Amino acid sequence: MEYALERFTAEVKAAIAATGRVAPALIETTTPKPNIPADLAFPAFRAAKELRVPPPQLAAELAAAISIPEGSLIGKVEAAGPFLNFSMHPQRLAAAVLAEIAARAEGYGRQPDGAGQTIVVDYSAPNIAKRMHVGHIRSTIIGQSLVNIFRALGYTVVGDNHLGDWGKQFGVVLASIAMYGRPDAVGEEAMALLEAQYARYSGEMKERPDLDEEARRWSLLLEQGDPQARALWQWCVDLTLQAAEKNYNRLGVRFDHAYGESFYEGMLPDMIAETLRTEAAYRDEDGSVVAELDKLPKFIIQRKDGGTVYMTRDIATVEFRLSEFHPSQIIYVVDGRQELHFRQLFAIMRAMGYARDVELVHIPFGVVTTLDGQPLSTKKGNMVYLESLLDEATARALAVIDLKNPDLAEAEKAAVAESVGVGAVVYNDLYQDTKRNITLDWERMLATEGNSATYLQYSHARCRSILRRAVEEGAATAGDATLLTHPAETGLIKHLARLPEALREAGSRYAPFVIADWCYTTAREFGVFFEQCPVLKAESAELRAARLDLVAATAHALKAGLGLLGIRAPERM
RNA sequence: GGGGCUGUAGCUCAGUUGGAUAGAGCAGCGACCUUCUAAGUCGUUGGCCGUGCGUUCGAGUCGCACCAGCCCCGCCA
């Protein structure tokens, strides 16, 4: 099914074409700025040049020549200087949009664009034996939103948590446990102790080459399947995943797989041989395997001691994903600082002859810094861990709820606080272009006004509140949408009509903020409507029914948008 | 030295096939709660769009050069 806005655009193009004055190739439309009282514009510049007439003249001629088909979503056509402006027919649009949303409810906006295609999303990827902190939550949150967005676009999405459970850094973890012992604790507390040991060990490692050698030895032992190393490794993995699972549940994050780097261990020797066979890489004099491609800096695929690196495992990972899932895209939601790594990875995959039918995409995101621009680090002691971040956000939300809505039952207060607090943290990572660096600004993050998750949730809750009262009063719904002609109603409806378009743009740009933006504007449009158009006390029962439909549609659409971001929409707050 | 990202209002940001008067929020000032949740709404103040040159009928948007900040550049991930 085609959504109303697409139909409107198609009708506009057809109407212009029907005049016979403009070649179809020159019929391009743009969305006018908000201050222009129109919904779609045809700039006549190019076509006018072709026809050798002044643009305003062509626009005027077209305005006179155009005929609007019966029942069209086009309401009005007029020339405005060199532009030909089209406005939607408010009543027919209202009927079409409300029907679409009523039919799909929270599934509004979904499209079958990606049907039959698979996308692998590589995200989160926490390090084993490390607590998750503000640094890694970006990948988790952005990645999950992209998963949601692509699913809504009809793709088969495979979410894979590429755990950092291998490599030399893991050798350090094992070596430090061997030296200081296994911490006597559980959950995040145990991990905090592991981190402290790790930090202590790597600190001393700088001055003691024997410790560095020991870490390397553990990493090799692990790769060689030494039972003691494997057992210790498994303990760390279980501990970390258990703790992570709690955070994932709170964030609404779910993976299809969590293979992790270790999963690819057995494939590495063949993979290295393959890079050599295809001459994508060569063996250096010192025994290491290196590649130098596309004028990119040289990079290592196998260490001179025979050990593997991140790159080796990433190559195997691509190969595995291709043969296992046959995706049209593999997207990596990873820190922008690894941009070069991915360019190198993608280059070597191409050089090996893989990745011909797949688009490999790195979605870089910026770093999180403190208010004064300092990086967050364990060493500096200014690190903020995910669990405490969510707890703090929830606690602050609860304080506001106690103030604003003290009559709510305690259990509901707690649930709402969780939704609002976690929503604020999620939104902080999604409301702007992901490649920007963000600052950890508690005031900004937990803001309850303006462009904030809370404001969006609040708008939804207001809708739901009206709908609840309507049910209590036994008010009729399923009204006549053509009664919705107030500017505030039309403004809101026009914006609701844009969700499918926003979803498509969010997918093509890998940009959840496009959805966030849409939600925010929806909330604002609803806010205006809320002030100007009484629903339960509308002038007539007929108008009340129609407005109730609009409120229901707004609630569904907002919930759909928030859902794409991974943010819950409470019934009341 | 090479490369990537960023530069738009005091602050945080939108502005993407180049189009009309560059938009929001926050902060500031002012107004609106006996009516559906004031976590709201409305008004108002605030811009050499980093700088320069170029392409174009038209540039915040495209090209080149420069400036500033952050980041990356073989045996970590």
Side-chain angles (χ1 to χ4, degrees), chain A residues 28 30 32-36 38 41 43 45 48-49 55 80-83 85 125 127 164 166-172 216 261 284 286-292 295-305 307-311 313-314 334-341 343-344 364 366-367 369 373 375 400-401 403-405 420 431-433 435-439 441 443-444 447-452 454-455 457-459 461-470 473 505 508-509 511 513-514 516-517 520-521 523-524 526-528 530-538 547 551 572-573:
Chain A
E28 286 176 2
T30 61
K33 298 203 168 134
N35 55 344
I36 308 296
F45 301 98
K49 200 170 187 179
F83 294 89
N85 287 339
N127 288 322
W166 213 247
K168 192 192 157 191
Q169 53 125 28
F170 215 89
V172 179
R216 194 179 299 270
E261 293 181 55
D284 213 355
D286 62 7
S288 60
V289 175
V290 296
E292 191 173 7
K295 293 179 185 167
L296 294 170
K298 246 194 250 186
F299 57 100
I300 290 279
I301 289 161
Q302 185 177 30
R303 303 197 307 237
K304 65 184 171 204
D305 65 3
T308 58
V309 291
Y310 182 45
M311 182 63 79
R313 298 184 284 279
D314 263 3
V334 180
D335 189 338
R337 286 174 297 193
Q338 294 190 38
E339 193 260 356
L340 177 59
H341 168 78
R343 275 169 55 195
Q344 290 168 327
V367 296
T369 59
V400 179
I401 294 162
L403 198 71
K404 305 275 186 186
N405 208 346
V420 170
Y431 81 98
Q432 64 189 43
D433 196 335
K435 63 176 172 283
R436 275 180 180 282
N437 293 340
I438 58 174
T439 51
D441 178 349
E443 298 310 312
R444 170 69 188 85
T448 59
E449 47 190 36
N451 190 1
S452 66
T454 310
Y455 173 52
Q457 292 169 318
Y458 179 69
S459 303
R462 288 170 116 189
C463 290
R464 297 299 312 160
S465 171
I466 292 172
L467 295 169
R468 265 195 314 274
R469 281 172 174 260
E473 294 177 15
E505 185 187 345
S508 68
R509 293 175 63 184
F513 82 84
V514 173
D517 235 43
Y520 176 52
T521 309
R524 282 164 42 89
F526 175 73
V528 176
F530 185 90
E531 294 291 325
Q532 298 186 7
C533 303
V535 178
L536 297 172
K537 295 189 175 163
R547 283 184 175 164
V551 173
R572 58 188 122 221
M573 56 189 277

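Proteins come first, then strands; the chains are lettered A, B, ... in the order of their sequence lines, and each starts at number 1. Since we're looking at a predicted model, the values are computed, not measured.
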For this session: Identify, with sequence neighbours excluded, every residue that meets side-chain contact (heavy atoms from CB on, under 4.5 Å) alongside A:Q344.
Result: A:L296, A:P297, A:F299, A:M311, A:L340
For this session: Have a look at A:V309 and say if it touches a base, only the backbone sugar-phosphate, or nothing, with a 4.0 Å heavy-atom cut-off.
Result: sugar-phosphate
Problem set entry | Test salt bridge (charged side-chain N to carboxylate O under 4.0 Å, His left out) applied to A:R444 - qualifying residues, sequence neighbours left out | none
Problem set entry | Interatomic distance where CD belongs to A:E261 and P belongs to B:A77 [whole Å] | 7 Å
For this session: For RNA chain B, just give me the dot-bracket, please: Watson-Crick or G-U, both distances below 3.5 Å, ( ) intra-strand, [ ] crossing earlier pairs, | paired with another strand, . unpaired.
Result: (((((((..((((.....[...)))).(((((.......))))).....(((((..]....))))))))))))....
For this session: Identify whether any heavy atom of A:I401 sits under 4.0 Å from a base atom; if not, whether one sits that close to sugar-phosphate; answer base, sugar-phosphate or nothing.
Result: base
Exercise. Looking for any heavy atom pair under 4.0 Å, which part of the strands does A:N85 touch: base, sugar-phosphate only, or nothing?
Worked result: base
For this session: Look at all strands and tell whether A:R464 reaches a base, only sugar-phosphate, or nothing, counting heavy atoms closer than 4.0 Å.
Result: nothing
For this session: Taking side-chain contact (heavy atoms from CB on, under 4.5 Å) as the test, write out the residues that go with A:R468, two or more places apart.
Result: A:R464, A:S465, A:E571, A:R572
Exercise. So, the side chain of A:R547 versus the backbone of A:P534: is there a donor-acceptor pair under 3.5 Å, distance only?
Worked result: yes
For this session: Answer yes or no: does a side-chain N or O of A:R524 lie under 4.0 Å from OP1 or OP2 of B:G25?
Result: yes
Problem set entry | Phosphate OP1/OP2 of B:U37: any A:K404 side-chain N/O under 4.0 Å | no
Exercise. Closer than 4.0 Å, any side-chain N/O of A:R547 to the OP1 or OP2 of B:C36?
Worked result: no
Problem set entry | Whether A:Y458 stacks on the six-membered ring of B:G40 base, 5.5 Å and 30° limits | no
Problem set entry | Sequence-distant partners of A:P32, side-chain contact (heavy atoms from CB on, under 4.5 Å), two or more places apart | A:I36, A:A38, A:A41
For this session: Using salt bridge (charged side-chain N to carboxylate O under 4.0 Å, His left out) as the criterion, list what pairs up with A:K49, not counting sequence neighbours.
Result: none
Problem set entry | Under the side-chain contact (heavy atoms from CB on, under 4.5 Å) test, residues paired with A:V514 that sit two or more places apart | A:A502, A:E505, A:A506, A:R509, A:A511
For this session: Nearest whole angstrom, please: distance from the C1' of B:C72 to the CD1 of A:I300.
Result: 17 Å
Problem set entry | Set of residues satisfying salt bridge (charged side-chain N to carboxylate O under 4.0 Å, His left out) with respect to A:D441, sequence neighbours excluded | none
For this session: Could you check how far CZ of A:R303 sits from P of B:C76, rounded to whole Å?
Result: 5 Å
For this session: Answer yes or no: does a side-chain N or O of A:T448 lie under 4.0 Å from OP1 or OP2 of B:A39?
Result: no
For this session: Would you classify A:M573 as touching base, sugar-phosphate or nothing, given that sugar-phosphate means primed atoms plus P, OP1 and OP2, and contacts are heavy atoms under 4.0 Å?
Result: base
Problem set entry | Contacts of A:R524 that satisfy salt bridge (charged side-chain N to carboxylate O under 4.0 Å, His left out) - sequence neighbours left out | none
Exercise. Any stacking of A:F45 on B:G19, going by centres under 5.5 angstrom and planes within less than 30 degrees?
Worked result: yes
Are any protein N/O atoms closer than 3.5 Å to N/O atoms in nucleotides 32-35 of chain B? If there are, list each pair with its distance.
residue	atom	partner	partner atom	Å
B:U35	O2'	A:K537	NZ	3.3

Exercise. Distance check: side-chain N/O of A:R337 vs OP1/OP2 of B:A77, anything under 4.0 Å?
Worked result: no
Exercise. Nucleotide by nucleotide, 5' to 3', does protein get under 4.0 Å of the base (B), only the sugar-phosphate (S), or neither (-) in nucleotides 2-8 of chain B, counting heavy atoms?
Worked result: -SSSSS-
Problem set entry | Residues forming a ring pair (Phe, Tyr, Trp, His ring centres under 6.0 Å) with A:F530, sequence neighbours excluded | A:F526
Exercise. So what does A:Y455 touch, heavy atoms closer than 4.0 Å: a base, only the sugar-phosphate, or nothing?
Worked result: sugar-phosphate
Exercise. Does the side chain of A:R469 get closer than 4.0 angstrom to OP1 or OP2 of B:U37 through an N or O atom?
Worked result: yes
For this session: With heavy atoms under 4.0 Å as the rule, sort A:A41 into base, sugar-phosphate or nothing.
Result: base
For this session: Could you check whether A:V528 gets within reach of a base, just the sugar-phosphate, or nothing at all, counting any heavy atom under 4.0 Å?
Result: sugar-phosphate
For this session: Give one of base, sugar-phosphate or nothing for A:Q338, where a contact means two heavy atoms less than 4.0 Å apart.
Result: base
For this session: Check the distance between B:A27's C1' and A:E449's CD and give it to me in whole angstrom.
Result: 10 Å
